[in-house]
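Since we're looking at a predicted model, the values are computed, not measured. The analysis underlying the following values was restricted to heavy atoms, covering all of them including side chains, and did not include hydrogens, waters or symmetry mates. In what follows, every chain begins at residue 1, and chains take the letters A, B, ... in the order their sequences are listed.
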There are 2 protein chains.
Amino acid sequence: MKKLPRKIITRVLLYIRTLEGLLKEKRYLVSSKQLADITGLSDVKIRKDISNFKKVGRPRIGYKTVDLKRTLENYLLQNNKLHLVIFGAGNLGSAILKYPGFHRSKVKLVAAFDASKAKIGKMINGVRIYPVERAPEIIKRRHADIGIIAVPKERCQEVADYMVLSGLHGIVNFAPCSISVPAKVQVRNMDFTIEFLSLFCDIQK
Amino acid sequence: MKKLPRKIITRVLLYIRTLEGLLKEKRYLVSSKQLADITGLSDVKIRKDISNFKKVGRPRIGYKTVDLKRTLENYLLQNNKLHLVIFGAGNLGSAILKYPGFHRSKVKLVAAFDASKAKIGKMINGVRIYPVERAPEIIKRRHADIGIIAVPKERCQEVADYMVLSGLHGIVNFAPCSISVPAKVQVRNMDFTIEFLSLFCDIQK
DNA sequence: TTTCAATCGTTCCAAATTTCACAATTGAAA
DNA sequence: TTTCAATTGTGAAATTTGGAACGATTGAAA
């Protein structure tokens, strides 16, 4: 299948999260209109996103929650599991380690790395903290795909370089700074302050 | 000036953050190409974003860092300061309270609210934790603009309702769930897991 | 059985966004 | 002084995204 734009992928993941929620409430049928009400998106957009996969809805009825979820997951994740590692086990790192995200079965944080001797060997939410030097070895052994940066921004580029060296192909950067990496490595930046201010600008006018 | 689309606003905030960094390194001139290298965006896009404001660059020379930063800030923030409150002072809430974002002078977290008796009265990073019931009063007194949701998702909608009731016009939701609010209230969702998985999908193909 | 209302899937069009191409400007070097 | 290379700013083309319209399908009700 053709590669989908990031925007659609992100929305589809939101649908999957929403479908998980509906399943917990034992709602086994759902229409694009209902999904639209929950997510705040338009029903047409949702149908169009879904139609990128295969015909799975039935007119007049809607979608079977279970089937739709499975269809979206199959196309997007293809039975693969995401193995994450995190650099930095401070306040933010610990919070991410304990983040109760959806889709536990597909996403697993497999190791944390920290420079502080005092933290090495400790566990947070079932994940062991290792010295940074062991990152290349552990990343290879655990087949980690993506690394999270949760270190102070002064260390950000240095850690990013080390992540690339260790063989990671994706980086989610929570530090409020830009990093420079080879083109083959994908980066997502999560700067809280930029989000706050951008919302602020929106509501000002 | 005409209201800019959110995408441009977000990028301009990134430029401001970048310019702050350059100033710290005493770099007083910068070209769109250099900004492009740092941020990973294209130089044309950067010039076009900047041209929404006023002519501030000089051909062959580039932009004066200080002037460009001031211009962007003036148009976007207009000397206003952002007052934030946060609901939930658990792991994630504490991490946000300690987040070392840029632009400290314009962004201030003024109060935290938590349901746990044990936390009331404590301070985190200079911010006092209050009982949730005092939110409406404190939000009005401190002129808070935006509220952050950092509570478990089971409490998410309930807290969102309370935030709207308290007079907030913007919500940044860190819980992995959707919330329903009146149209006048703007919401930004920050679901870490969706970010991780969306990056994962990108690097898979 | 026929009609009807709800809903999906899709085509076409409009709007937003990005990229391209290039004229205009400017300091530096010949 | 003249030329040149670097850089800005911008109009137009290209691409992407979102929305409107609508035919097709389907179970329910008359």
- Can you tell me the pairing partner of C:dA30 across any strand shown, Watson-Crick or G-U wobble, with both distances under 3.5 angstrom? D:dT1
- Message: Which is more 5' along DNA chain C, the nucleotide nearest A:I50 or the one nearest A:K7? Just name the residue.
- Response: A:I50
- Hey, which of these two, A:R47 or B:V30, hits DNA chain D nearer its 5' end, going by closest nucleotide? B:V30
- Whole-Å gap separating C1' (C:dT17) and CD1 (B:I9): 15 Å
- Message: Of the options C:dT17, D:dT17, C:dT18, whose atoms approach the side-chain atoms of B:P5 most closely?
- Response: C:dT17
- Task: Ignoring the backbone of A:S51, work out which of D:dT8, C:dG9, C:dT18 is nearest its side chain.
- Result: C:dG9
- Message: Could you tell me how far apart B:N52 (CG) and C:dT17 (C1') are, to the nearest whole angstrom?
- Response: 12 Å
- Message: Looking only at the side chains, is there a donor atom on one of A:Q157 and A:D161 sitting less than 3.5 Å from an acceptor on the other?
- Response: yes
- Residue A:V44, side-chain atoms from C-beta onward, closest of D:dT17, D:dA21, D:dT8: D:dA21
- B:S42 side-chain N/O to C:dT19 phosphate OP1/OP2 under 4.0 Å: yes
- Message: For the aromatic rings, using the six-membered ring if either is Trp, is the centroid distance between B:F192 and A:F174 under 6.0 Å?
- Response: yes
- Query: Between atom CZ in A:F53 and atom P in C:dT10, what is the gap in whole Å?
  - Reply: 13 Å
- Message: Show the nearest heavy-atom pair for residues B:K81 and B:S105, with the distance to one decimal.
- Response: CE-O, 3.2 Å
- Might you point out which heavy atoms bring A:C177 and A:C156 nearest each other, and give the distance in Å? SG-SG, 3.0 Å
- Message: Checking contacts here: which listed nucleotide (D:dT10, D:dG18, C:dG9) is nearest the side-chain heavy atoms of B:K48?
- Response: D:dT10
- Can you find a side chain N or O atom of A:Y63 that sits less than 4.0 Å from OP1 or OP2 on C:dG9? yes
- Query: Starting at CD1 of A:I46 and ending at P of D:dT17, how long is that distance when rounded to a whole Å?
  - Reply: 17 Å
- Query: Partner of D:dT10 by Watson-Crick or G-U wobble geometry, both contacts under 3.5 Å, or none?
  - Reply: C:dA21
- Query: Between A:D43 (CG) and C:dT10 (P), how many Å, whole number?
  - Reply: 16 Å
- Atom NZ of A:K45 to atom P of D:dT17: distance rounded to whole Å? 11 Å
- Message: Please report the distance, rounded to the nearest Å, between CG in B:L4 and P in C:dT17.
- Response: 10 Å
- Task: Check the surroundings of atom NE2 in A:H103: do more than 12 heavy atoms from other residues, nucleotides or ligands lie under 6.0 Å from it?
- Result: yes
- Per-nt protein contacts along nucleotides 24-30 of chain C (heavy atom under 4.0 Å; B base, S backbone sugar-phosphate only, - none) come out as -BBB---
- Message: Quick check: closest heavy atoms across A:A36 and A:D43, and the distance to 0.1 Å?
- Response: CB-N, 3.6 Å
- Task: Look at all strands and tell whether A:R11 reaches a base, only sugar-phosphate, or nothing, counting heavy atoms closer than 4.0 Å.
- Result: sugar-phosphate
- Evaluate the side-chain proximity of A:L82 to A:K108: yes if any heavy-atom separation is below 4.5 Å, no if none is. no
- Query: Minimum heavy-atom separation for B:R11 to B:D49, with atom names?
  - Reply: NE-OD2, 2.7 Å
- Task: Write down the distance between CG (A:D37) and C1' (C:dA6), rounded to a whole number of angstrom.
- Result: 15 Å
- Item | Of the listed nucleotides C:dT19, C:dG9, D:dG9, the one nearest the side chain of B:K55 | D:dG9
